[in-house]
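As the structure is a prediction and not an experimental result, all values here were calculated from the model.
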Amino acid sequence: WMKGMTLRDEVAQLVFVAFPGASPHTRSREYQRFLRLIRDVKVGGLIVINAANGRTIQHAEPYALATFLNRVQRIAKVPLLVGADFERGASMRVAGTTVFPHAMAFGAAGDPEFSRFEGQVTAQEARALGVHWVYYPVADVNINPDNPVLNIRSFGEDPQAVGAQVAAFIEGAHSDARNYVLTTAKHFPGHGDTSVDSHLNLATIPASRERLESVELVPFRAAIAAGTDAVMTAHVAVPALAPADLPATLSPAILTGLLRGELGFQGLVITDALEMGGIVKGFPAGDAAVRAIEAGADTLLMPADPEAAIRAVVAAVENGRIKRARIERSVVKILAAKEKVGLDRKRLVNVEALGDVINSPEANEKAQQVAERAVTLVRNEGGLVPLAAPERACFLALAENRYANEGQTFSQEVRARVAHATVTTLDATLSRADVDAALDRLTSCDTYVVAAFASVTAYQGSLGLGGELPHAMETLAASAKPVALVALGNPYLLRSFPAVSAYLATFSNVVPSEAAAVKALWGEIDIRGHLPVSIPGLAARGDGIQVKASRPAGSVAQ
């Protein structure tokens, strides 16, 4: 593969560009751009991202994705290494695949065997789709309740427990040589103790070197011991390790001195997306690419201008700032990774066989089991949960926006049990007058059950209920009637509404978690989850009221 490569070709192998997973028309401007980057620029790989259609996020259709990847693999002179942030399995980016809950749900369930199973399924589905590199597991320890970008993407706040889950996922993903995927522990040296979204600005980790050693670095050591193929850098400043204005992604002390030297990691070092605010607000595209290579990165993920990044690195070699041997070391690592996943033997996937691999009934059943095991009852005044008389309760779903599907499964599951249940959906775009009018229609209820969705979204900058939804919660909590709050996502919501009678957390907003919440409310499943994080002033890590199932599954109230 390296025979005949120019310096520019070698540098291009370090660059990975984003694509939305669709199969664009070959005469479209989008396709022509990819054609140029793959055929002429000769980038080393791709990363699958979600496409945005107005205010909704579109997941890739699996057959379109596999077909497109086959097409571009035929075009590439050197096979493309395809990566994706499959943090909830392939379902994070691709429709029609097994839907796993977020990492923190696995932390609440408390059994690393679930993460090992997720690793196996993720590897199988990824390889069937044509994806070889999974940017997971998240090794960040979420010790900051105000973290707007990690939160439920983290397994929890206990370093040892996080490390056990991280190692289990890696082992599962590597368990079948036929479906081997490259795994990635992220975001080094730890992104859990920040209150700034690094998609927007440079975040800072205020920890001492001693704290880093006892908390942040513990899961990364576990990942390295488990054989992770790659480590992804964080766009965070760590003053205990490097200058206070320098992202870890660009720091030789952190990537070479700490990760390579002290931790002994010899695999691939990949940057987080170089188009993020934590980088572009301080460094031009070309400068950031050069600095990342100098720091010790092997792969440049999503530079804001891929060709400018390549030109800058080539110029740095030509003027002696970077040695060509340094570039070639990274190229050899990337090409060895391509060989490791079999791209020297087979670069195309069997699209016709895809349907027999993805979204299997067995995998979905296990994913549902994880969601159910994760449900954690933090507060239960008066034994409100399970609901004694669900037919006399009013149910509300608080959705993040009116265009999402949040709450649909919750509503359907409630109505499957109480056909004429009062189920109301409010979203963050409603005015206060609209919210008040909706609540005025719910005065006949004995109890309020609120399913609140607060999920982690890049570039959002905060994590909580938006618009007038906090007003809706405060109005309900101020009534004389008991309120059961179900947090489908951010488990720290109890801090904002401490007056609720019951508090249930699922640690995820996926469909299996919505279904699990209703089962728990009806007493159809044992509630046995434990908090993998503490809720300051309200609950400690490990808390969880254990409740045995009291009703048969699917029981219908009149």
[X] side chain to [Y] backbone, donor-acceptor under 3.5 Å:
X: Y63; Y: G355; result: yes
X: S28; Y: P24; result: no
X: R127; Y: R178; result: no
X: D526; Y: A549; result: yes
X: S534; Y: P536; result: no
X: H132; Y: L182; result: no
X: S154; Y: L150; result: no
X: E125; Y: N359; result: yes

Any residue meeting side-chain hydrogen bond (donor to acceptor under 3.5 Å, both in side chains) with N179, in chain and number order, not counting sequence neighbours | D176
Is it true that [X] and [Y] make a salt bridge, defined as a side-chain N closer than 4.0 Å to a carboxylate O?
X: R551; Y: E524; result: no
X: R116; Y: E113; result: yes
X: R379; Y: D543; result: no

Starting at [atom1] of [X], measure out to [atom2] of [Y] and round the result to the nearest 0.5 Å.
X: S496; Y: L465; atom1: OG; atom2: CG; result: 7.0 Å
X: M276; Y: M302; atom1: CE; atom2: CE; result: 9.0 Å
X: L301; Y: F16; atom1: CG; atom2: CZ; result: 8.0 Å
X: S513; Y: H102; atom1: OG; atom2: NE2; result: 8.5 Å

Just wondering, are more than 12 heavy atoms of other shown residues or ligands nearer than 6.0 Å to CD in E365?
->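 Not buried by this count: 12 neighbours or fewer within 6.0 Å.
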Do [X] and [Y] pair up side chain to side chain, a donor and an acceptor below 3.5 Å, judged on atom types alone?
X: Y31; Y: H25; result: no
X: N401; Y: D427; result: no
X: D229; Y: H174; result: yes
X: Y492; Y: N147; result: no

Report yes if the distance between the aromatic ring centroids of W522 and F395 is under 6.0 Å, otherwise no.
-> yes
Matching residue for F114 among F169, F106, F100 - test: side chain to side chain contact (heavy atoms under 4.5 Å, CB included) | F106
S360: what forms a side-chain contact (heavy atoms from CB on, under 4.5 Å) with it, not counting sequence neighbours?
-> E362, A363
Could you please spell out the steps behind the side-chain hydrogen bond (donor to acceptor under 3.5 Å, both in side chains) verdict for S431 and E468?
-> CA-CA 7 Å; S431 68; E468 295 296 335; over 6 Å; no
By salt bridge (charged side-chain N to carboxylate O under 4.0 Å, His left out) - contacts of K186 (at least two apart) =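 Applying salt bridge (charged side-chain N to carboxylate O under 4.0 Å, His left out) to K186 gives D85, E87.
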